[in-house]
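Reminder, nothing fancy here: chain letters follow the sequence lines and each chain counts from 1.
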There are 2 protein chains.
Amino acid sequence: MRQDKDTRLEVIKMIITSQEVGRQDDLLNELAKAGFPSTQATLSRDLRQLRIVKGHNERGEQVYLLPEQKRYQRISDTHMTVQQINRLGAVSVKFSLNLAIVQTPPGHAAHVAYDIDNAHIPEILGTIAGDDTILIVLDETAERPNVLNRLAEVVPETRKE
Amino acid sequence: MRQDKDTRLEVIKMIITSQEVGRQDDLLNELAKAGFPSTQATLSRDLRQLRIVKGHNERGEQVYLLPEQKRYQRISDTHMTVQQINRLGAVSVKFSLNLAIVQTPPGHAAHVAYDIDNAHIPEILGTIAGDDTILIVLDETAERPNVLNRLAEVVPETRKE
DNA sequence: ATATTTCTGCGATATTTATGCAAAATTTGT
DNA sequence: ACAAATTTTGCATAAATATCGCAGAAATAT
């Protein structure tokens with residue numbers, strides 16, 4: 001079920017960034033529509049794991065928000081999916097010793113790095129993002145195929161070196 | 001009472017930026033201590049008016065946050081000590097070859113890096129800070145225990161891997 | 001395969017938060 | 001200053017959310 005769970009978490013993020021949802025029951029309905037029926041208890045756990053925040057929109061109505069969203073700015077303006085970014089230009093990964101370099105279209109490094117961080121890949125010690133380049137520091141024992149596989153979940157259509 | 005209300009709203013903001021509060025009842029207690037007794041109903045309205053958000057800290061515990069706060073970054077006009085930052089979430093150090101990666105709570109990498117720089121640890125050639133990650137480049141001959149000892153003065157409660 | 005860990009559902013609550021309504025306080029207009 | 005209008009508040013209660021114990025399913029590790 002791991003894969004299903006990860007997908008469900010992604011769907012949750014998509015839903016709350018594409019529309020205003022203010023109650024878990026509403027979110028449950030949307031999830032069911034999207035083919036991920038679940039229960040309120042599980043959703044509550046998911047929201048905590050995603051560090052999703054409950055705030056208010058300009059009208060004072062309650063809305064769920066991703067933590068990196070400031071105020072009521074919708075993520076659709078700023079947070080593109082990697083698929084969307086990929087349309088703008090390739091995202092590539094290259095290795096050197098215990099480092100990996102990810103190239104993104106200009107301006108998108110921070111966002112991709114955020115997704116990589118959130119994938120919690122154990123072999124990745126940390127990332128630092130510039131404008132269109134991300135430096136990834138790997139564990140000394142990291143095996144590149146593994147890292148590449150895990151990265152592929154976050155950064156699809158990656159062009160290996 | 002309008003004046004009192006405005007003051008109370010300010011006090012609410014002060015409280016939630018100076019400590020982690022996860023429940024309205026707790027916030028009520030703090031308000032009372034500060035000389036602004038109120039009720040849960042009023043507080044709920046105040047929070048909506050302030051557009052205060054309820055999210056989760058690193059440990060998944062619930063916390064109230066100002067909307068303009070990124071993630072769990074706390075407002076601080078003064079430079080927070082690492083001890084203070086540590087309360088917001090662990091600061092950890094990991095090594096890989098000639099590099100060390102320090103993870104901090106979101107938004108605090110620059111502060112911690114500044115402290116590290118100022119410790120003038122000879123084996124540290126330099127640091128680069130992102131939002132929540134610091135890359136440290138070590139001298140080729142650096143010995144990790146030494147570096148860790150020196151770092152511990154700056155970054156207490158460090159968790160080696 | 002077997003053991004171990006993680007995840008989920010299912011109630012079943014306990015806890016927390018929001019709100020309708022009426023009263024009290026405050027402001028405004030005259 | 002008085003009355004009307006507006007805002008604020010408390011109370012009671014509704015609504016929403018978090019959590020618990022537990023059993024079984026699924027994934028991971030040995």
Side-chain angles (χ1 to χ4, degrees), chain A residues 1-13 15-16 19-32 34-67 118-123 141 143 145-147 149-150 153, chain B residues 1-13 15-16 19-32 34-67:
Chain A
M1 273 282 188
R2 184 48 159 289
Q3 188 50 45
D4 275 341
K5 176 179 182 183
D6 288 345
T7 312
R8 187 183 65 238
L9 296 184
E10 286 305 312
V11 173
I12 290 173
K13 288 197 276 184
I15 291 173
I16 69 164
Q19 62 188 276
E20 297 202 341
V21 184
R23 297 182 319 200
Q24 294 186 0
D25 275 344
D26 292 343
L27 193 42
L28 276 181
N29 286 336
E30 295 302 322
L31 270 175
F36 292 83
S38 186
T39 64
Q40 184 264 326
T42 298
L43 183 53
S44 176
R45 297 169 184 137
D46 287 348
L47 294 178
R48 180 177 56 194
Q49 186 171 346
L50 289 170
R51 300 289 190 267
I52 282 175
V53 139
K54 192 182 186 185
H56 308 85
N57 64 14
E58 43 290 313
R59 303 254 236 16
E61 299 160 341
Q62 298 169 243
V63 287
Y64 285 104
L65 301 166
L66 290 186
N118 269 72
H120 295 108
I121 302 173
E123 291 154 306
T141 67
E143 292 179 12
N146 292 346
V147 176
N149 277 340
R150 295 296 313 273
E153 299 166 14
Chain B
M1 276 279 183
R2 176 168 246 132
Q3 191 50 44
D4 275 344
K5 177 179 181 183
D6 288 345
T7 312
R8 188 183 64 235
L9 295 185
E10 287 305 312
V11 173
I12 290 172
K13 289 196 277 184
I15 291 173
I16 70 164
Q19 63 188 277
E20 296 202 342
V21 184
R23 298 183 319 200
Q24 294 185 1
D25 275 343
D26 293 341
L27 194 41
L28 276 181
N29 287 337
E30 295 301 322
L31 270 174
F36 292 84
S38 186
T39 63
Q40 182 267 324
T42 298
L43 181 53
S44 175
R45 296 174 185 124
D46 287 349
L47 294 178
R48 181 176 55 193
Q49 187 171 346
L50 289 170
R51 300 288 190 267
I52 281 175
V53 140
K54 192 183 187 185
H56 309 84
N57 65 13
E58 319 281 321
R59 301 196 207 79
E61 299 161 341
Q62 298 171 244
V63 287
Y64 284 104
L65 301 165
L66 292 187

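Counting heavy atoms from C-beta on, the side chains of Ile121(A) and Asn146(A) never come closer than 4.5 Å. Using a 4.5 Å heavy-atom threshold, the side chains of Leu66(A) and Ile52(A) count as touching.
In this entry the distance linking CG of Leu9(A) with C1' of dC7(C) reads 11 Å, nearest Å. Rounded to an integer number of Å, the gap from Glu61(B) CD to dT15(C) P is 17 Å. With rounding to whole Å, Leu47(A) atom CG is found 13 Å from dT8(C) atom P. Arg51(B) places its CZ atom 13 Å from the P atom of dA18(C), with the value rounded to the nearest Å. Asp46(B) has its CG atom 10 Å from the P atom of dG10(D), to the nearest Å. Taking atom CZ on Arg23(B) and atom P on dT17(D), their separation rounds to 18 Å, with Å as the unit. Remark: P of dT17(C) and CD of Gln49(B) are 18 Å apart, rounded to the nearest angstrom. Look at CZ on Arg45(B): it is 16 Å from P on dA15(D), rounded to the nearest Å.
Residues passing the salt bridge (charged side-chain N to carboxylate O under 4.0 Å, His left out) test with Asp26(A), sequence neighbours excluded: Arg23(A). Every residue two or more places apart in sequence or in another chain that forms a side-chain contact (heavy atoms from CB on, under 4.5 Å) with Asp25(A) is listed here: Leu28(A). Residues that satisfy the side-chain contact (heavy atoms from CB on, under 4.5 Å) test with Glu30(B), not counting sequence neighbours, are Ile15(B), Gln19(B), Lys33(B).
Distance from the side chain of Lys5(B) is smallest to dT9(D) among dC10(C), dA18(C), dT9(D). Considering only side-chain atoms of Gln24(A), the nucleotide from dA18(D), dA18(C), dT19(D) that sits closest is dA18(D).
Put simply, CZ on Arg48(B) and CD on Glu61(A) are 10.0 Å apart, with the number rounded to the nearest 0.5 Å. Atom CD of Gln62(A) sits about 9.5 Å away from atom CG of Asn57(A), to the nearest 0.5 Å. Here Gln24(B) contributes atom CD and Lys54(B) contributes atom NZ; the two are 7.0 Å apart, rounded to the nearest 0.5 Å. The structure places CG of Leu50(B) at 10.0 Å from NE2 of His56(A), a figure rounded to the nearest 0.5 Å.
For Arg8(A), no side-chain nitrogen or oxygen approaches OP1 or OP2 of dC7(C) to under 4.0 Å. OP1 or OP2 of dT19(D) sits under 4.0 Å from a side-chain N or O of Arg48(A). OP1 or OP2 of dT16(C) has not a single side-chain nitrogen or oxygen of Tyr64(B) nearer than 4.0 Å. Distances shown here put a side-chain N or O of Lys54(B) below 4.0 Å from the OP1 or OP2 atom of dT17(C).
Residues of residues 34-44 of chain B that place a heavy atom closer than 4.0 Å to DNA chain D, in numerical order, are Ser38(B), Thr39(B), Ala41(B), Thr42(B).
The stretch residues 36-46 of chain B participates, sequence neighbours left out, in these salt bridge (charged side-chain N to carboxylate O under 4.0 Å, His left out) pairs: Arg8(B)-Asp46(B).
A rotation axis mapping the C1' atoms of four pairs onto the next four is fitted at both ends of the helix from dA1(C)-dT30(D) to dT30(C)-dA1(D) over five pairs, and the angle between these axes is 60° to 10 degrees.
Residue contacts shown for Gly60(A) are absent, as no nucleic acid heavy atom lies under 4.0 Å away.
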